[in-house]
Amino acid sequence: MRMSQLFLRTLRDAPTDADVDSLRLLSRAGYVRKVAAGFYSWLPLGSRVLRNVERIVREEMDAAGAQEVLLPIAQPLELWQQSGREQLYGPLMFRISDRKDAGYCLAPTAEELITATVRGEYSSYRDLPVNLYQIQWKYRDELRPRFGLLRSREFLMKDAYSFDTDAANLRKSYQLMYDAYHKVFERCALNFRPVRAQSGDIGGDVNHEFMAVANIGEDDFVWCKSCDYAANVEAAVRRSPEPVAPGSQPMSKIATPDKPGINAVAEHLGCAASELLKCLAFETEAGAIGLALVPGDREVNEYALKVALGGVAYEFLDDAAFARFPRLPKGYIGAHNQHIEIAVADPSVLARTSWVTGANEVDHHVTDAVVGRDFQPTVVAPIVVVASGDVCPECDGELSVDRGIEVGHVFQIGTKYSESLGATFTDENGEAHPMVMGCYGIGISRVVAAIVEEHHDEAGICWPAEISPYAVHLIALTGKGATSEEVRQAAVAIYDGLNSAGVSVVYDDRDVSPGVKFADADLLGVPVQLVVGAKGLARGVVERKLRKTGSRDELAIDAVLGQYIGEGAKSRG
RNA sequence: CGGGGUGUGGCGCAGUGGUAGCGCACCGGCUUUGGGAGCCGGGGGCCGGGGGUUCAAGUCCCCCCACCCCGACCA
């Protein structure tokens, strides 16, 4: 492609509402343009990049035995009512209606439709397993779209769905996808980790998120520096500290006027927040009042607390609820409160001889509260949010908490959708069973943004070879001198040669100054830049610069084609 | 949903009640040509929309819309 023909305008200043590196650079370099909150146009360069990620995903899905389909974006709401997810998604779904006032949604995902599709075709154990996938635009009317392409309202997603006869076979299908995801993200040159995760709204049990490590990510995940333990921050656990012998000092009450917070009290007493016992009051759905007890410098993992309660739903008290329980003075609650029915303590609560905690009386705290003497946990279970520096539960190594971008997610769903939508098969004995499903997503457009987040510098994007819109960025420094035409002809010869060798090349033939060409080349981020200039030409060489490292060398002009023949297959751009 | 902020040319921004500006980009001319060149000359605006106040509104008031940021229970 000649740059004089390419539909492209680069920007020196990024639009002000581009708030992350990926969107700033993709906007400046003319890959995408914002149309509305959470909606983006993909211009020629962006479209090529998107296709490249698609291509990688398609190749790996096909290699893993999945078959591509294409389902409609607009889906009858009725289908979503059958699965019960119409309510669940609520305003997150874009809704439309036709002229007859029938309700449709723009699909936020496709479990329902794919299940209905398989139900309509397959009904025997002989048909299974089967794995279908599509690469299709998805729509979610996010509460707050942000981070540009990382959380948009329209996004391109690969979603695959496996159907098996039983859980053991599901695990095989799951493993195939899990392995395929590794290949996909390796080819995308992402620094990623598969982490154990909670299942969220889709339902089901075993699942992993594939997190691309980034500063800007929306999710924290925990990983061990010594082994391969990794988990979503909600699912992560640590090795709890060992219990210690209780203290013997008697508990005593002290005045802490107008000090309702951990930090305020710690500062007032001149002690560390970790010496205070944090007591969070909650009410279960059955109406029982409980406290979650953790060290003052720790936060409660709400998911872990629910597990500790045996799966019982609960809510932390809000101001209105506190008003109903005058015996629970917000900010001054102590673990020795007589009015609570449940006390869930993290094991670390047993690892300190005594605690400073609320006195259950406004403007007062107590010191030397001793577990087992002054207060009794009814449940001891790990409920703190894991933090960097905690001990790995599997190998005693050190855990680290980092930000990540969720680029993929694999689930073992089970029979939730096959049951509600009636996707059953008949087994060898003629008995009907619901199919056992897995579902597997990759955010294609999000992957593009994640790659830019990881592969860029001050000057612009540095694409991995397989993702780059072109394999080679050819720059002709023609100028207006005597050698101008000579340089132009040499560049065109290389351009034509590379093209006919199947190497995708973008050729900067514009009549602009060298500085503009260099700056744009760095901004666009094609991995290899070839510069044809009068100086080199006189010596029969062209200069080659690698975008990522900035390293330069010279190639004999006759050797250029030889160098890049074969590159076409690696990066067809 | 709550709070805050911003809407002026494609992008970035200035603008004090009195003729709508600057930089980049764009068009034409001349010069320049190895890291976002210089000079000269141009084109491009329903100042987010609607109502009001005023002799006069980009500017003041009211309503609406869009976009951005923060928050949405950790005592």
Side-chain angles (χ1 to χ4, degrees), chain A residues 8-20 23-24 27-30 33-39 43 90-91 143-148 256 258-266 273 276-283 291-302 305 314-322 325 328-335 337 346 357-360 362-363 365 383-385 458-460 475-484 487-488 508 510-523 529 531-537 542-543 545 550 552:
Chain A
L8 170 71
R9 182 112 298 145
T10 57
L11 303 175
R12 204 175 293 212
D13 300 305
T16 30
D17 55 11
D19 51 348
V20 292
L23 183 59
R24 263 195 292 272
S27 300
R28 282 191 56 212
R33 289 287 179 256
K34 180 171 156 176
V35 173
F39 291 93
L43 304 184
L143 211 56
R144 182 140 90 87
R146 63 179 135 180
F147 303 139
T256 50
D258 198 28
K259 297 279 184 289
I262 292 281
N263 291 332
V265 175
L276 273 75
L277 187 64
K278 183 188 278 190
C279 308
L280 297 184
F282 60 85
E283 182 176 16
L291 292 183
L293 307 177
V294 298
D297 59 341
R298 287 295 183 152
E299 297 196 343
V300 172
N301 179 336
E302 297 188 30
L305 179 55
Y314 67 92
E315 284 191 351
F316 287 115
L317 301 193
D318 57 16
D319 285 341
F322 272 113
F325 299 105
L328 295 172
K330 180 177 177 178
Y332 300 94
I333 299 173
N337 195 293
D346 187 78
T357 187
N360 295 310
V362 171
D363 291 344
H365 281 75
I383 55 169
V384 299
V385 173
E458 307 73 35
I475 295 173
L477 299 178
T478 44
K480 282 250 169 59
T483 56
S484 160
V487 170
R488 195 189 64 79
D508 195 342
R510 296 174 300 171
D511 183 22
V512 295
S513 70
V516 171
K517 293 185 180 183
F518 291 135
D520 275 347
D522 288 347
L523 181 58
Q529 298 172 12
V531 182
V532 185
K535 291 180 199 163
L537 199 57
V542 299
E543 186 179 321
K545 174 181 157 183
R552 297 161 200 265

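Convention: sequence-line order gives letters A, B, ...; per-chain numbering from 1.
Position along RNA chain B of the nearest nucleotide to A:R298 versus A:D17 favours A:D17 as the more 5'-ward residue. When each of A:F147 and A:I333 is assigned the nucleotide of RNA chain B bearing its nearest heavy atom, the one mapping closer to the 5' terminus is A:F147.
Between the CG atom of A:L143 and the P atom of B:rA72 there is a distance of 12 Å, given to the nearest Å. Distance A:L291 CG to B:rC74 C1': 13 Å, rounded to the nearest Å. Nucleotide B:rC74 holds its P atom 12 Å from the CD1 atom of A:I262, rounded to whole Å.
A:K34 has a side-chain polar atom (N or O) that falls below the 4.0 Å cut-off from OP1 or OP2 of B:rC68. A:R144 has a side-chain polar atom (N or O) that falls below the 4.0 Å cut-off from OP1 or OP2 of B:rC70. Proximity of A:R12 to the phosphate of B:rA25: a side-chain N or O atom is located under 4.0 Å from OP1 or OP2. Put simply, A:S513 has no side-chain N or O that comes within less than 4.0 Å of OP1 or OP2 on B:rU32.
Between the base of B:rG71 and the side chain of A:R146 there is no donor-acceptor pair shorter than 3.5 Å. Contact annotation: side chain of A:E302 to base of B:rC74, donor-acceptor pair present below 3.5 Å.
In this structure, the side chain of A:K517 engages the main chain of A:A476 through a donor-acceptor pair within 3.5 Å.
Pairing for B:rC39 is with B:rG29, a Watson-Crick or G-U wobble pair whose two hydrogen-bonding atom distances lie under 3.5 Å. Of all nucleotides present, only B:rG52 satisfies the Watson-Crick or G-U wobble test against B:rC60, with each distance under 3.5 Å. With a cut-off of 3.5 Å on both pairing distances, B:rU16 has no Watson-Crick or G-U wobble partner at all. Base-pair partner of B:rC1: B:rG71 (Watson-Crick or G-U wobble, both distances under 3.5 Å).
Using a 4.0 Å heavy-atom cutoff across all strands shown, A:L328 reaches no nucleic acid atom at all. Residue-level contact check: A:D520 touches the bases, meaning some heavy atom is under 4.0 Å from a base atom.
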